[in-house]
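To start, the structure itself, in structure tokens.
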Amino acid sequence: MQDRYISIEGISRSYPAPGGGKTTVFDDLWLSMARGEFVAVIGHSGCGKTTVLNILAGLDAPSSGVVIVDGKAIEGPSLDRAVIFQSHALLPWKTALSNVAYAVSSRWPKLSRSEIEAKAMEAIRLVGLEQAAHRKPSQLSGGMKQRVGIARALSIDPKILLMDEPFSALDALTRGTLQDEVRKICIETGQTVFMITHDVDEAIYLADKIVLMTNGPGARIAEIVANPLPKARTRNDVHRHPAYYPVRNHIIDFLVSRSKSFDEEIAGKAWDPRHPPLVNPSIPEPSVAAIGKGPVTQGQGGDKPGFFPANRMRGTP
Amino acid sequence: MRSLELRSVAVSIMLLMTFLLAWHLAVTGGSSGQKMDPEYAKLMGITATQGKSAMPSPVDVGLTLWGHIKDPFYVRGTNDVGLGLQLGYSILRVAAGYLLAMAVALPLGFLIGMSPLMSRALDPFIQVLKPISPLAWMPLALYTIKDSGLSAIFVIFICSIWPMLINTAFGVANVRKEWINVARTLEVGTLRKAFTVILPAAAPTIVTGMRISIGIAWLVIVAAEMLVGGTGVGYFVWNEWNNLSITNVITAILVIGFVGMLLDQILARLGHLVTYPE
């Protein structure tokens, strides 16, 4: 039995449209996450991913529906849910260390100054920034700033880590290193993570489950892709795994075409928004036995409705 | 003479020299030495007899300035008080009015910046009160306060409050959303958030407002003291005008400019301290 550590229950978000009426960004979203699970959400801009994250963070409220974390409905921001912001959001007048210390002292207001400093330094060391601890954010590179952001989030021992495209502003090399480090830290600490990303490879490398969202307005969760790669994966060999390209192609096919036409795909069929299908695209398809033939064939295959009847299964209730 | 700084200093000195020379030439020479009846000459004074202009030369002003610097704090009767003392009175009045304005403008600016409701509710009042010349308040202040010294302080208060108030409100209202969100996700209380996130974030804007305010306050104090009289550098200027001592008037003008620059530099230094590079 999967426990529902986080349970998103029928949330929707709408705002008044210009000229009367209202625009619904997403409607009747259901998703549950187990403790220690790493979930990545992929979808095009405007599908409301960031809004979902903000609702989880308590920075935004859904128009309807509720999110339950660890048995309690979210009513506002909480120190139990740390956010890593896309733009690092460091306070520029504080040094790297005091940015982290600010979070530590918010979490444990009764600690002495030196205890706070020690805890902050511990988090700084975790992301390998002890040399730059006393520098201001303006004296740090983009990757170092994001490291401080990660250290700040980790320093408060959160129950859940929320990441809003944390690596998207970084160059490819830095991004890779940081992904490795975040993955290592999350596995070591058994962190529950909800991440938003645009990067398919990043999602496959980091996440246990990848949630595919259709285009907004009226976005919905189309599928949840179970990542077939072994938990003990490394950056160097992840793309050699036989399941890697089937998953990657499945997701890209979704982003390229199915995310637009998903409503047609499910038209006339029974659709239960509470239980989006859990898909495992790794089981080789007869038509794509040889991966070398190219992902295009496979991509077209993925477009056919009901192409994966064998491995499309219901999400656990 | 490669460096820009050296060259600019050289040009400044050259400009000053040219100006002083032109000034000197303009006030000396001219027609002079006409023979006239000694008694008539005595009546006319040196202006007519020696062709000397009533306008002092730069040397006269320099000597007078030196005299004031050597002995700034003398008191020889109500109308003969050292320039240093007069400046002291003015600076004290500016400081009192300015600090009062700060005590009102900073908290009120915070309130306006943080509350859209108060921002809208107070906006019409600010829009109407802001453009009123501070001296227009003077009669009302004299009538209600019944003390000329306090009235001058009130005038400084009312003129320096607006730039501080508006800049504080603007700075507070425009703190980056993500910094506020950081504080929110850390469950930081309102008061702590105001002091640890909003204040440092808005500080450069607030200090800019304070710098504008001190400039206006120093402009207004001279005019206010001309009206209320008694003490202060504004009164000194007016008194010397009545004495027809243009030398002292020019000296006072120079000193007013110098003190104004000093006040501005203090605020600029403060601004430099609170500015953060992003």
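With a 4.5 Å cut-off on non-hydrogen atoms, B:V197 touches chain A through its backbone and its side chain both. The contact between B:A201 and chain A is made by backbone and side chain atoms together, counting heavy-atom distances below 4.5 Å. Contacts between A:L90 and chain B at a heavy-atom distance below 4.5 Å involve the backbone alone (N, CA, C, O). Looking at A:I156, only its side chain comes within 4.5 Å of chain B, counting heavy atoms on both sides. Residue B:T275: no heavy atom, backbone or side chain, is found under 4.5 Å from chain A. For B:V182, the parts sitting under 4.5 Å from any heavy atom of chain A are the backbone and the side chain alike.
Using a 4.5 Å heavy-atom threshold, the side chains of B:V237 and B:Q86 count as separate. With contacts defined as side-chain heavy-atom distances shorter than 4.5 Å, the pair A:K145/A:P92 does not qualify. For the pair B:M210 and B:L270, the minimum side-chain heavy-atom distance is below 4.5 Å.
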Just distance, no hydrogens or angles: give the donor-acceptor pairs under 3.5 Å from side chains in residues 115-125 of chain A, sequence neighbours left out.
| unit_1 | atom_1 | unit_2 | atom_2 | d |
| --- | --- | --- | --- | --- |
| A:E115 | OE1 | A:S112 | N | 2.9 |
| A:E115 | OE1 | A:S112 | OG | 3.1 |

For residues 129-142 of chain A, dump all side-chain donor-acceptor pairs below 3.5 Å to protein atoms at least two apart in sequence or in another chain.
| unit_1 | atom_1 | unit_2 | atom_2 | d |
| --- | --- | --- | --- | --- |
| A:R135 | NH1 | A:Q139 | O | 3.2 |
| A:Q139 | OE1 | A:K136 | N | 2.8 |
| A:S141 | OG | A:M144 | N | 3.3 |

Please list every donor-acceptor pair under 3.5 Å in which a side-chain atom of residues 121-132 of chain B meets a protein atom from a residue at least two apart or in another chain.
| unit_1 | atom_1 | unit_2 | atom_2 | d |
| --- | --- | --- | --- | --- |
| B:D123 | OD1 | B:Q127 | NE2 | 3.1 |

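Options B:V188, B:N181, B:L186 differ in how many heavy-atom pairs under 4.5 Å they form with chain A, and the most are formed by B:L186. Across B:A183, B:A203, B:P200, the residue that shares the most heavy-atom pairs under 4.5 angstrom with chain A is B:P200. Highest contact tally toward chain B, considering only A:G58, A:S87, A:A57, is held by A:S87 [criterion: heavy-atom pairs under 4.5 Å]. Comparing B:R176, B:E278, B:E178, B:R184 by heavy-atom pairs within less than 4.5 Å of chain A, the highest count is held by B:R184.
Rounding to the nearest 0.5 angstrom, the gap separating the CG atom in A:L154 from the OG1 atom in A:T189 is 6.5 Å.
Using a 4.0 Å cut-off between charged side-chain N and carboxylate O, A:E202 and A:R175 make no salt bridge.
Residues A:S98 and A:T95 have side chains that bring a donor and an acceptor to within less than 3.5 angstrom of each other.
Within residues 64-85 of chain A, the residues approaching chain B closer than 4.5 Å by heavy atoms are, in numerical order, A:P77, A:S78, A:L79, A:V83, A:F85.
Checked against the 6.0 Å centroid criterion, the rings of B:F236 and B:H68 qualify as a close aromatic pair.
None of B:V233, B:V222, B:I156 except one satisfies the side-chain contact (heavy atoms from CB on, under 4.5 Å) rule with B:S90; the exception is B:V233.
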